[in-house]
Q: 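Below you'll find the structure I mean.
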Amino acid sequence: MSTAMSDPGSPATRVSGLEGVIAATTALSKVDGVAGRLTYRGYNIHDLAQTTTFEEVAHLLWFGHLPNRKKLARLSARFAAERTIPDNVMQTIRALPASTEPMDALRTAVSAWGAGAITGKPTIDQAIALTARFPLFLAAFQRIRHGHEPLQPKPELGQAANYLFLLTGEVPKEEHIRGLNSYLVLLADHGMNASTFTARVVASTESDIVSAVVAAIGALKGPLHGGAPSKVQDMLRAIGTVDNAESWLRAAIARGERFMGFGHRVYKTEDPRSEALREMARVTDPQGFVLARRVEELALDLLQQQKPGRLLYTNVEYYFATLMSSLGLSGDLFTPTFAVSRCAGWTAHVLEQVRNNRLIRPDAEYTGPAEQRFIPLEERS
Ligand SMILES: CC(C)(COP(=O)(O)OP(=O)(O)OC[C@H]1O[C@@H](n2cnc3c(N)ncnc32)[C@H](O)[C@@H]1OP(=O)(O)O)[C@@H](O)C(=O)NCCC(=O)NCCS
């Protein structure tokens, strides 16, 4: 870490939330929070979201370059071959109570899949095997908890289309595949976000790739990271109509509540991903878009008035909620769908970490009592 590069024994700098601390080097993605720019290995996210598939972006992250047709076909075939659920994992999924959150089901299924099957230094093959299975685990759990049998994936469909097919049993419409694919591309990696950092910390201990990804799923679940999009939907539902928007937002901010889908640790301007998702949401759900857009405009005005100088803008979660609803995905699948995408980034970071590893082990500033005289149990009052 850059601020902890002091000599051993000299006081290190304490940075709340590790903001601005450089915890690793990475060649995967670059987040420019001031300019509102995101690139994967130098490619602008807008170009990738419009023209590439999730599989191409996963190839870019894992192998370091965009694939040609032959390499893409090879990777797609490997994804297809990995789209299976072993019996022990299916049994684990079936044993989960129907009330389980899908994010918890995903974490449990991934952990069960890793039990005994994955050992040794993380590899690209393991990254592919894990990433290919995320939609299967989620869809199997969703179908079982709603009284349906899991479906077999279709080898001719890619990651986005298979995910929608496995959930609904219908071959999805082209615009829905495009919308979800763009989302998966946009969210695949994002610098040293909390879940990626978590994955790298676990990888740095020379643990296995599944343990790193399970830990990352746990970090992504929190509402300050990936767990907010269904809360955006809750907020939009509570607001209900354009006419109700202003009074609802004013009352919420007066109560000290945060507007879900706004603000970001790094972006101090509009999140470039939310710009792309706004356009997709406009196309896939023109009706829902009207309310979402009006609430966004009002929220931005209010944040500027009430939180001057904080530079709070729309983040990626906001239009994701609108887009997901238009694809027919329920709110409890929003964060797991984020994980379907981010698994590519997590695993790419794990591979990067282990290639040039040093145990990640920061310091803590001790704030407890100074040395105390020990009192034996019988003398304590
Ligand atoms: C994303 C988030 C956690 C980033 O937080 P952060 O960089 O740690 O920022 P802080 O929590 O230090 O907040 C800084 C200030 O902005 C305010 N703020 C931040 N996000 C806000 C929001 N969405 N609505 C209202 N106020 C907000 C805080 O109240 C704080 O104000 P204060 O200085 O008067 O106390 C935060 O913006 C947030 O909670 N957003 C809502 C949840 C969300 O959309 N999460 C998805 C993230 S992709």
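If you're wondering where the values come from, they're calculated on a predicted model, not measured in any experiment. Just so you know, ligand 1 is whichever comes first in the structure, and atom 1 is the first atom listed for that ligand.
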Q: Any atoms of ligand 1 less than 4.0 Å from a non-hydrogen atom of H225? List them with their elements.
A: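 The atoms of ligand 1 under 4.0 Å from a heavy atom of H225 are 46 (C), 47 (C), 48 (S).
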Q: Report yes if some N/O of V316 lies less than 3.5 Å from some N/O of ligand 1; otherwise report no.
A: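 By distance alone, the answer is no.
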Q: Can you tell me if G226 contacts ligand 1 (heavy atom of the residue under 4.0 Å from the ligand)?
A: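 Contact check G226 vs ligand 1: negative.
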Q: Short list, please: which atoms of ligand 1 are under 4.0 Å from a heavy atom of P223?
A: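 Result: 45 (N).
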Q: R310 versus ligand 1: do any nitrogen or oxygen atoms come within less than 3.5 Å of each other?
A: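 Looking only at distances, the answer is yes, because the N/O contact criterion of under 3.5 Å is met.
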Q: Do D189 side-chain atoms and R342 backbone N/O form a donor-acceptor pair below 3.5 Å?
A: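 Such a contact is absent between D189 side chain and R342 backbone.
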Q: Is G17 close enough to touch ligand 1? Criterion: a residue heavy atom under 4.0 Å from a ligand atom.
A: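 False for this residue.
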Q: Between T84 and R133, do the side chains contain an N or O donor and an N or O acceptor separated by less than 3.5 Å?
A: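 There is such a pair (donor and acceptor under 3.5 Å, judged by atom type) between the side chains of T84 and R133.
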Q: Do L323 and I177 share a hydrophobic cluster, counting only Ile, Leu, Val, Met, Phe, Trp and Tyr and linking them when any side-chain heavy atoms are less than 4.5 Å apart?
A: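 No, it is not one cluster - the side chains of L323 and I177 are not joined through contacts under 4.5 Å.
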Q: Side chain, backbone, both or neither: which part of L303 has a heavy atom under 4.0 Å from ligand 1?
A: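 Looking at L303 and ligand 1, just side chain atoms fall under 4.0 Å.
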Q: Taking heavy atoms and a distance under 4.0 Å, where does L312 meet ligand 1: side chain, backbone, both or neither?
A: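 Side chain only.
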Q: Would you check whether N315 has a nitrogen or oxygen atom less than 3.5 angstrom from a nitrogen or oxygen atom of ligand 1?
A: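 Looking only at distances, the answer is yes, because the N/O contact criterion of under 3.5 Å is met.
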Q: Can you list everything that forms a side chain to side chain contact (heavy atoms under 4.5 Å, CB included) with N44? Sequence neighbours excluded, please.
A: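 Expected list: R37, H46, D47.
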Q: Does any donor atom in the side chain of N193 or S195 lie under 3.5 Å from an acceptor atom in the other side chain?
A: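 Yes.
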Q: Does any N or O in the side chain of T168 come within less than 3.5 Å of the main-chain N or O of L164, such that one atom is a donor and the other an acceptor?
A: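 Such a contact is found between T168 side chain and L164 backbone.
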Q: May I ask you to check whether F79 and H59 place their ring centres under 6.0 Å from each other?
A: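 Judged by ring-centre distance (under 6.0 Å), H59 and F79 do not meet the cut-off.
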Q: As a check for students: among H190, R265, K231, R258, identify the option with a heavy atom nearest to atom 10 (P) of ligand 1.
A: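 Residue with the shortest heavy-atom distance to the ligand atom: R258.
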